[in-house]
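Let me begin by presenting the structure, written as structure tokens, before commenting on it.
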Number of protein chains: 2
Amino acid sequence: MKGDTKTIILDEALSLFAVKGYDGVTVQDIARAVGIKAPSLYKHYKSKQDIFDAILIETENRYKKQVLSMNMNGSEPEKDKDLFLGITEEDLYEKVKGLFLYYLHDEYAVKIRRMMTIGQYQNERLSDLYKKQYIDDALLYQKTLFQFFIYSGVFESGDPQMMAIQFYAPIYLLMINCDNRSEREKESLAFLKEHVRQFGQLYSNKEK
Amino acid sequence: MKGDTKTIILDEALSLFAVKGYDGVTVQDIARAVGIKAPSLYKHYKSKQDIFDAILIETENRYKKQVLSMNMNGSEPEKDKDLFLGITEEDLYEKVKGLFLYYLHDEYAVKIRRMMTIGQYQNERLSDLYKKQYIDDALLYQKTLFQFFIYSGVFESGDPQMMAIQFYAPIYLLMINCDNRSEREKESLAFLKEHVRQFGQLYSNKEK
DNA sequence: GTCTATAGACGGATAGAC
DNA sequence: GTCTATCCGTCTATAGAC
């Protein structure tokens, strides 16, 4: 049921906002992308701002669902612990690579990230959402995993928060590096692989 | 000679573009910030676009100068090698902290970074400049330093490109973390310090 | 629920007085 | 080099026919 005009408007508006920002997009631009005339938009949303707000609400709902499905609610990622416990270095890289490519290529994820990026200094909600998603929650998730790895003896002891920063930051930087520059992707994936390898070697418990 | 209207216009325009983006700022906004009426702007610049272009040219010139002054022209940072050669961990942290706080607090640097950030998907020049400054050149500089550290025996051998990524990425992430959220600064500086310490310990040559 | 027509505000930019 | 007055295009949004 995603083919209705009301949803198409949100999709096309997001595509435009993600490149040109709220002020750079006119309701006529949105209407043209949808294939209708501008006044027709107002049968679905009461204003341009209303379209923007609907995108934000949709984004927040999607993210909440994603967080719930990952059991990433600040407590423990019970499910994912099992996924990671007996993992090899190669498997870990494949997981990280999957997430990396998801954030670089998933249409919706890319557009939302770009819209948050370019609107963050105007709109506090965008700023908060970006930092929650790409910094706070990302670090919290990995910190919790590393805590568990240390507790379970897979990793040597260490500060799980520092480990999260040092593991995640290069992934984030390489993602920014490839954003809008897909020719960097191959090289970045090689760095990513080497990074995961080195991290595993550095912290894996050798006395096991 | 920075008090003339022509320069003030650029300063005020930059302040506005850095928050609201090109399309979010009107020539009246700029004029109001300068303290004149909008039509008077046109005695100094022939269009709004012309103001924006002048900011970009100024930015590019400043950056070129900075690169030259750092001898960061892709060859070797001859000057900085001496600065870093006999350095202690504490000194290295102070240097990194200085740069970190510069990029977070220097008025011009912050505004330019934000303008590049929010304009990057509309304007290829902004995108290129951002990635050159905050990714490519930053990594190149550190890679070159680490190469020299390895060559001179201060560091154990390793891949200097990987070392640059792993050293710089957490600094970059922590900076993004503190951007527009100064309450995170104290904590981030503590992470930064620990990061520099761990990095030094990991790579410093123990057989010296 | 789409359209045309249009209102009403505001945008960038120019003319011309001082 | 600043101002006021103003042009003209575009913008968001509404009215009303179909």
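So that the names make sense, note that chain A is the first sequence line, chain B the second, and so on, each numbered from 1.
Taking the ring centre of A/Y45 as origin, the terminal cationic atom of A/K6 falls inside the region bounded by 6.0 Å and 45° from the ring axis.
Side-chain contact check for A/Y121 and B/D179: at least one donor-acceptor pair (N or O, by modelled atom type) lies under 3.5 Å.
OP1 or OP2 of C/dG1 has not a single side-chain nitrogen or oxygen of A/S40 nearer than 4.0 Å.
Atom CG in A/D23 sits roughly 15 Å away from atom P in C/dC10 (whole-Å rounding). The distance between atom CZ of B/R32 and atom P of C/dG12, rounded to the nearest whole Å, is 11 Å. Summarising the geometry, the separation between NZ on B/K37 and P on D/dT4 is reported as 5 Å, rounded to the nearest angstrom. To the nearest angstrom, P of C/dG12 lies 14 Å from CZ of B/F52. Across the protein-nucleic acid pair, B/I36 atom CD1 and D/dG1 atom P stand 10 Å apart, rounded to whole Å.
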Return a single string for nucleotides 9-18 of chain D, one symbol per nucleotide in 5' to 3' order, where B is base contact, S is sugar-phosphate-only contact and - is none, cutoff 4.0 angstrom on heavy atoms.
--SSBBB---

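Between B/D136 and A/R184 there is a salt bridge, since at least one side-chain N of the basic residue sits less than 4.0 Å from a carboxylate O of the acidic one. A salt bridge links B/R125 with B/E60; the closest basic N to acidic carboxylate O contact falls under 4.0 Å.
Partners of A/E89 by salt bridge (charged side-chain N to carboxylate O under 4.0 Å, His left out), not counting sequence neighbours: none found.
Under the 4.5 Å side-chain criterion, counting only non-hydrogen atoms from C-beta, A/R62 is in contact with A/Y108.
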